[in-house]
Participant: 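If you scroll down you'll find the structure; I have some questions about it.
Below, each value reflects all heavy atoms present in this structure, side chains not excepted, and no hydrogens, waters or symmetry copies. Order of the sequence lines sets the chain letters (A, B, ...), proteins ahead of strands, with each chain counted from 1.
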There are 2 protein chains.
Amino acid sequence: MSEIRILLVDDHPVVRAGLRAMLTDFEGFTVVAEAPEGAAAIKEIQRLQALGEPLDVVLMDLQMGAGMDGVTATRAIKGMPSAPPVLILTTYDTDADILAAVEAGASGYMLKDAPPEQIRAAVQQAAAGQTALAPEVAARLLGRIRNPQPVLSPREVQLLELLATGMSNKAMSKQLFISEATVKTHLVHIYDKLGVDNRTAAIAIATQRRIIRTAG
Amino acid sequence: MSEIRILLVDDHPVVRAGLRAMLTDFEGFTVVAEAPEGAAAIKEIQRLQALGEPLDVVLMDLQMGAGMDGVTATRAIKGMPSAPPVLILTTYDTDADILAAVEAGASGYMLKDAPPEQIRAAVQQAAAGQTALAPEVAARLLGRIRNPQPVLSPREVQLLELLATGMSNKAMSKQLFISEATVKTHLVHIYDKLGVDNRTAAIAIATQRRIIRTAG
DNA sequence: CCCACAGTCAACCGTTTGGTTGATACGGCG
DNA sequence: CGCCGTATCAACCAAACGGTTGACTGTGGG
């Protein structure tokens, strides 16, 4: 069988070195290029295609410190002609990450703390055009399908964002030019949809689900 | 010059492989042992000392999925006779992490996304008994010294962390085996030190100041 | 030895928030 | 057209939270 040609995309040199060592230790895997973020990855793919040396699989991290993030990059790659399979390999398994990656066209989703041979198996499957999901991720996706999460309205997200800055109901009502009563109504709906019963828990869940993002 | 003998402590096989590859690529570095978490690391150190093959430096991650966390392990190691230098190598640079690690006796604090030669230099410095801080980390510590923020006690930080998960005062009191009255006292002190007057604002400020880290 | 501080707890009181019910208005969709 | 979801507001009550005062303990530094 021929070699599997791989592009690594991760902003951490340590992780790239680890994946390279882990994969090239075994027959049949070649890391032909690396990129620290999405835009550079796309350039690499185009460069390799121009050379007539196409890729068999892209190993993509989602969290990039700077530059194009993994989901955007995946979407861009899958929009290219003769796009290679993209296997997501990331640290976290939050709902938003997984869904966004799958929507963007990823062929699989692995967690970085997976045992090496599981990662290698996933790469092989992705290169063969198959789908590869880590067990934890698969379970989470199934759970999501079985009981779908309610969608917050734009106004509710807006409230949530103000909430996360620590504002009181009265402060939010002034900011949004609505009455406190309306603020409370919105909050009750938010708690309902997120399955919580107070504002701090709402912020915690919304942050986890990446509905809002906190100051960095 | 003689070789620098290293123990790697990280729960991710990928990261361990990356560090091993990155360090052993260069003359003078030998990875003599690895451990996925703190307790195993301590056992390794004892084993090597019993063999008369002491370590020159321990490379320690702080976030461990399971087992003994990095700060606890560092404290335990620095309590041993003829303890090796411990160099912290982690993903985040929150105040809480840095302070706790330094208090626990770490000789340095590097971020995983640092360039390879910076990491190697830090390992060399630590092995030589010197201190090594990543520029970002050093800047943060200096900023902390220049305009000192009121320091939260460990207990207060602990409360803050529970707070950020959305727990009520009653829930926190049960979790920490203290009364609600005590929880309220702590919270008042926290609000005071952070200059806020409610729990959501406290979480917002604490997140901004990187006193706590939210789910990610 | 004494002081300061962290941590613990209690009682009190006013304010804020959570939860409910009900009402109005507007837009889109079958 | 009627229904549903979104957004708006009001009134009400119970529960949680915020703020204060005061008190006790243990630990560590001057």
Participant: Less than 3.5 Å apart, any donor N or O on the side chain of Glu3(B) or Thr30(B) sitting next to an acceptor on the other?
Facilitator: yes
Participant: Report the C-alpha distance between Lys112(A) and Asp61(A) in whole Å, list the side-chain angles of each, state the deciding distance to 0.1 Å, and finish with yes or no for salt bridge (Lys or Arg N to Asp or Glu O under 4.0 Å).
Facilitator: CA-CA 9 Å; Lys112(A) 277 186 193 163; Asp61(A) 187 17; 3.3 Å; yes
Participant: On the ring face of Phe26(B), is Arg120(B) found with NZ or CZ under 6.0 Å from the centre and within 45° of the axis?
Facilitator: yes
Participant: Of the options dA7(D), dG7(C), dC9(D), whose atoms approach the side-chain atoms of Ser153(B) most closely?
Facilitator: dG7(C)
Participant: Compute whether any side-chain donor of one residue and acceptor of the other, for Arg199(A) and Asn198(B), lie under 3.5 angstrom apart.
Facilitator: no
Participant: Please tabulate, one pair per line, each protein N/O and nucleotide N/O from nucleotides 25-30 of chain D that are separated by under 3.5 Å, including the distance.
Facilitator:
none

Participant: Looking at every heavy atom in both Glu37(B) and Ala66(B), which two are closest together, and how far apart are they?
Facilitator: CB-O, 3.5 Å
Participant: Please tell me whether Ser179(A) and Thr182(A) have a donor and an acceptor in their side chains that are separated by less than 3.5 angstrom.
Facilitator: yes
Participant: Salt bridge check, Arg20(B) against Glu34(B): does any charged N sit closer than 4.0 Å to a carboxylate O?
Facilitator: yes
Participant: Identify the residue among Asp56(A), Val57(A), Leu55(A) that makes a side-chain contact (heavy atoms from CB on, under 4.5 Å) with Pro84(A).
Facilitator: Leu55(A)
Participant: Nearest-Å distance, CD (Glu180(B)) to C1' (dC12(C))?
Facilitator: 15 Å
Participant: When you measure from every atom of DNA chain D, which of residues 182-198 of chain B have a heavy atom less than 4.0 Å away?
Facilitator: Lys184(B), Val188(B), Tyr191(B), Asp197(B), Asn198(B)
Participant: So, Ser107(A) and Gln130(A): side-chain donor and acceptor under 3.5 Å apart, yes or no?
Facilitator: no
Participant: Looking at residues 155-179 of chain B, who's got a heavy atom less than 4.0 Å off DNA chain D?
Facilitator: Ser168(B), Asn169(B)
Participant: In this structure, how many angstroms lie between the C1' atom of dC17(D) and the CZ atom of Arg199(A), rounded?
Facilitator: 11 Å
Participant: Among His189(B), Gln175(B), Met172(B), find the residue that satisfies the side-chain contact (heavy atoms from CB on, under 4.5 Å) test when tested with Leu159(B).
Facilitator: Met172(B)
